[in-house]
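When a ligand or atom number is given, it counts from 1 through the structure's own listing order.
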Amino acid sequence: METKLRIAVQSKGRLYEETMELLSEAGVKMTSVKRTLLVPSRNFPVELLFLRDDDIPESVAMGTADIGIVGLNEVLEKDKAVEVIKDLGFSKCRLSLAIPKRIEYNGVEWFNNRKIATSYPVILKKFLNDNNINADIHVITGSVEIAPGIGLADGIFDIVSSGSTLVSNNLVEVEKVLESQAVLIGSSKNALSSEKQAILDELLFRFDAVKAADGKKYILMNVPREKLDEVLAVLPGIKSPTVLPLANADWCSVHTVLEEKRFWEIIGKLRAVGAEGILALDIEKMVL
Ligand code: ATP
Ligand code: MG
């Protein structure tokens, strides 16, 4: 039987969409078996094991799955024998302490002898220990943010992304404890077989190519030959852009790659020095 690398992924929730998108952009197509636990790819030697995100670190530590995709917050909270192989750059959030906004906050000592509600007791305990704070940790799963309002706790330790949940519960973020994002994890005890390691290496190579293309545009434009030097001076950091002849010998075509966030600034300059017929295309992958 063909060796398959088994990847534990979240079955539904905030990680699911972007995990599937990353795999798809890396050319890993899934058979469309909906809602079964274990789904093989139809064109790449991997299979996906769909789990709750809480169970992903352990499944990798135990070897039920070879690797997993999960939030760094879950990795640190579960404290299993796993290691981060790669930061994946999506599902970014942070774990923070927050308190009712009417309260005057004078530093982390405020939490001494207070009650803190959280779903992340392990990470919180470590932070409190590191800061010599002695507080009472109240573990609740879900809707942590309502705890201070109903008198269940003095403050909370929870996931924050935009902060709008805090605002609507009259809370204010006072300590940022952990920056989290989706990560690829592997076992820190069991080494992969050489066949599985080769599959993982190919996958990582493809993830890099997807990431390199992220936020970049492929730009083509027509430039009068006499303006070529001025146009090239405007293009940032390109060692040697592609310059192709056109049927009209007074003109040429220049191709290059731009950061999307600088697009309008640079396009403005290019037009000012005489570039015309500018096309911008999405880049799917970039192999550097
Ligand atoms: P499961 O049913 O799998 O246990 P869950 O309810 O525990 O799911 P989700 O809400 O789907 O978890 O969040 C999964 C992960 O996504 C979190 O552990 C965190 O890493 C990240 N995350 C959570 N909230 C946000 C957010 N608002 N913005 C970005 N990322 C987030
Ligand atoms: Mg969960």
Quiz item: Which pairs, with at least one residue in residues 113-167 and sequence neighbours excluded, count as a ring-ring contact (aromatic ring centres under 6.0 Å, His included)?
Solution: none
Self-check item: Nearest protein heavy atom with distance in Å, relative to atom 2 (O) of ligand 1
Solution: R52 NE, 3.4 Å
Exercise. Look at atom CD of E284 and say whether more than 12 heavy atoms of other residues, nucleotides or ligands are closer to it than 6.0 Å.
Key: no
Quiz item: What is the closest protein heavy atom to atom 21 (C) of ligand 1, and at what distance does it sit?
Solution: C93 SG, 4.0 Å
Practice problem: Would you confirm whether S187, through its side chain, and N190, through its main-chain N or O, come within 3.5 Å as a donor-acceptor pair? | Solution: yes
Quiz item: Do I137 and V122 belong together in a cluster built from hydrophobic side chains that touch within less than 4.5 Å?
Solution: no
Quiz prompt | Option of least heavy-atom distance to atom 7 (O) of ligand 1 (set: V70, V75, D53, L72) | solution = D53
Exercise. Could you list which atoms of ligand 1 come closer than 4.0 Å to a heavy atom of D54?
Key: 4 (O), 7 (O)
Self-check item: Nearest-contact summary for atom 8 (O) of ligand 1 - protein heavy atom, Å
Solution: Q10 NE2, 3.0 Å
Practice problem: Evaluate side-chain contact (heavy atoms from CB on, under 4.5 Å) for I99 paired with R114, printing each intermediate quantity in order. | Solution: CA-CA 11 Å; I99 64 171; R114 308 274 177 175; over 6 Å; no
Exercise. Look at atom 27 (N) of ligand 1 and say which protein heavy atom is nearest, naming residue and atom and giving the distance to 0.1 Å.
Key: S161 OG, 2.9 Å
Practice problem: Please check if the side chain of S119 supplies one atom and the backbone of I140 the other of a donor-acceptor pair under 3.5 Å. | Solution: yes
Practice problem: Please check if the side chain of R6 supplies one atom and the backbone of T64 the other of a donor-acceptor pair under 3.5 Å. | Solution: yes
Quiz item: Under a 4.5 Å cut-off applied to non-hydrogen side-chain atoms, are L192 and D66 in contact?
Solution: yes
Quiz item: What protein heavy atom sits nearest atom 29 (C) of ligand 1, and how far away is it?
Solution: K92 O, 3.3 Å
Quiz item: Which atoms from ligand 1 have a heavy atom of G13 less than 4.0 Å away?
Solution: 11 (O)
Practice problem: Within a distance under 4.0 Å of any heavy atom of G71, pick out the atoms of ligand 1 and give their elements. | Solution: 20 (O)
Quiz item: For atom 24 (N) of ligand 1, which protein heavy atom lies nearest, and how many Å away is it?
Solution: R14 CD, 3.1 Å
Quiz item: At distances under 2.8 Å, what protein N, O or S atoms surround the Mg ion (ligand 2)?
Solution: D53 OD1, D54 OD1
Quiz item: Looking just at side-chain N and O atoms, do E173 and S96 make a donor-acceptor pair shorter than 3.5 Å?
Solution: yes
Self-check item: Distance, nearest 0.5 Å, that separates CD of E18 from CG of L88
Solution: 10.0 Å
Quiz item: Under a 4.5 Å cut-off applied to non-hydrogen side-chain atoms, are L128 and N134 in contact?
Solution: no
Quiz item: Who's closest to atom 18 (O) of ligand 1 heavy-atom-wise, of L51, N73, L15?
Solution: N73
